[in-house]
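The structure displayed is predicted, hence computed values, not measured ones. Indexing begins at 1, ligand by ligand and atom by atom, following the structure's order.
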Amino acid sequence: MNAGVVVPRYALSMQNVDLRLDAGWIIPIDPVGALAGHALIVDGGRVTAIVSTAEADAGFAARTRIELPSHVLLPGLVNAHTHAAMNLFRGIADDAPLQAWLEQHIWPREAQFVGPDFVYDGARLAAAEMVKGGITCCNDMYFFADASARAFLETGMRAMLGLPVLDFPTPYAADADGYLQRGLAVRDTLKHEPRLTFALAPHAPYTVGDPAWEKTVVYARQLDLPIQTHLAETADEVARSRARSGLTPLGRLHRLGATGPNFIAIHAVHLDADDIELLATHGGHVIHCPASNMKLGSGIAPVGALLARGINVGLGTDGAASNNRLDLFGEMRLAALLAKVATGDPAVLPARAALHAATLGGARALGLDHLIGSLVPGKQADVVAVDFGGVDAVPCYDPVSHLVYATGREAVTDVWVAGKRILADRILTMVDEGAIIARARLWQERLR
Ligand SMILES: [Zn+2]
């Protein structure tokens, strides 16, 4: 070193990193609160630190630095219930009750059209919609999961693939054994993909009989896989279950051994006090899908009571055939508003709780909270940037409140998964959006 050259002391400890994101606010989620004047430091696909701008200047030399002064950064949203391929059915049969909708509109079309091409094109459409709306991980449930997996991986997302189980035949499998074998073969092929995980997904208590549930429970235990199912979605489902078995749908699944910390109950609209106690004591998770429940006239899930009892709640959109948007900002807002309408209590599901459900709550339900769901050092750098610079978002006194009540998915500008920028200034970087739209239009002609 030449005499007389003064090396700043901090330079000696400067850490080289991949990415530095300076933002107006950062919401790490755990705890749910906003940090102003901070930078998110990312290296090797993981969050390294969230530090003040001055600490970032002193401690980190980033190969890429992006300044987003009017934006808020938050962890990628987790859409904890989807049927991604059903995006090709969006709006095909609206305003019908669940059973008629399934039996007259959806199942006949699925029998005729659903195959690997349909699933791949539909899931690509869904993945593109989700990423543009700030969703970095979904929990999917559909046939030909290998085709949807390809779509999620190509788009840059993470996904949990729910391997479907039904008792009746479809083009995918003939009986429950066939569904289980096909699903587990997909898992065997793809289990080393770091952005994929798997669950067994019996469609519902009323479409899967006791023998198939028992087999599912055995496989889930042997392979340490979660079980996810549509549960107590309508009052009619609960009445039929009580008439047939003397038990609620959840009570029956508990008797069959399906409940526990790896159990994911989707919808859970019509739970009685014993059901809630059972979920609380056995550690099950609930995925609340307010838009789907409202649109099908199913009812209002007791989310306030679930949270008060310490039950983990995530949020899901359900498929675009019943919702019709894969919009988790919309679900956060609906969840918060609907809980207030249902209870007369404006504090029952505050914005913080809605945002928690859309991020860490969903991640926990999927068993992924050690990797995603919050921005803390060591976790994956799955990050969303939302622009608060528009006329619909200024002034901003509370960024968490804004995310739930003021802005929407249209304000999402950038998305990173494992530190990779998969949406850049509203442009998908991994896939050709025009080609995805063209394929959807072709399917529209066939399905009409
Ligand atoms: Zn569903």
Handout entry: Shortest-distance N, O or S atom of H83 relative to the Zn ion (ligand 1)
Key = NE2
Exercise for the section: Tell me, please, if H230 has any N/O/S atom, main chain or side chain, under 2.8 Å from the Zn ion (ligand 1)? Expected result: yes
Exercise for the section: Give a yes or no answer on whether the side chain of E129 reaches the backbone of L326 with a donor-acceptor pair at less than 3.5 Å. Expected result: yes
Practice task
State whether the number of non-hydrogen atoms from other residues, nucleotides or ligands found under 6.0 Å of R221 atom CZ is greater than 12.
Solution key: no
Exercise for the section: Keeping the roles fixed (side chain from R182, backbone from Y172), state whether a donor-acceptor pair exists under 3.5 Å. Expected result: yes
Exercise for the section: Measure from the side-chain N and O atoms of R252 to the backbone N and O of S241, and report whether any donor-acceptor pair falls under 3.5 Å. Expected result: no
Practice task
Give the atom name of whichever N/O/S atom in D318 sits closest to the Zn ion (ligand 1).
Solution key: OD1
Handout entry: 2.8 Å cut-off met by an N, O or S atom of H81 to the Zn ion (ligand 1)
Key = yes
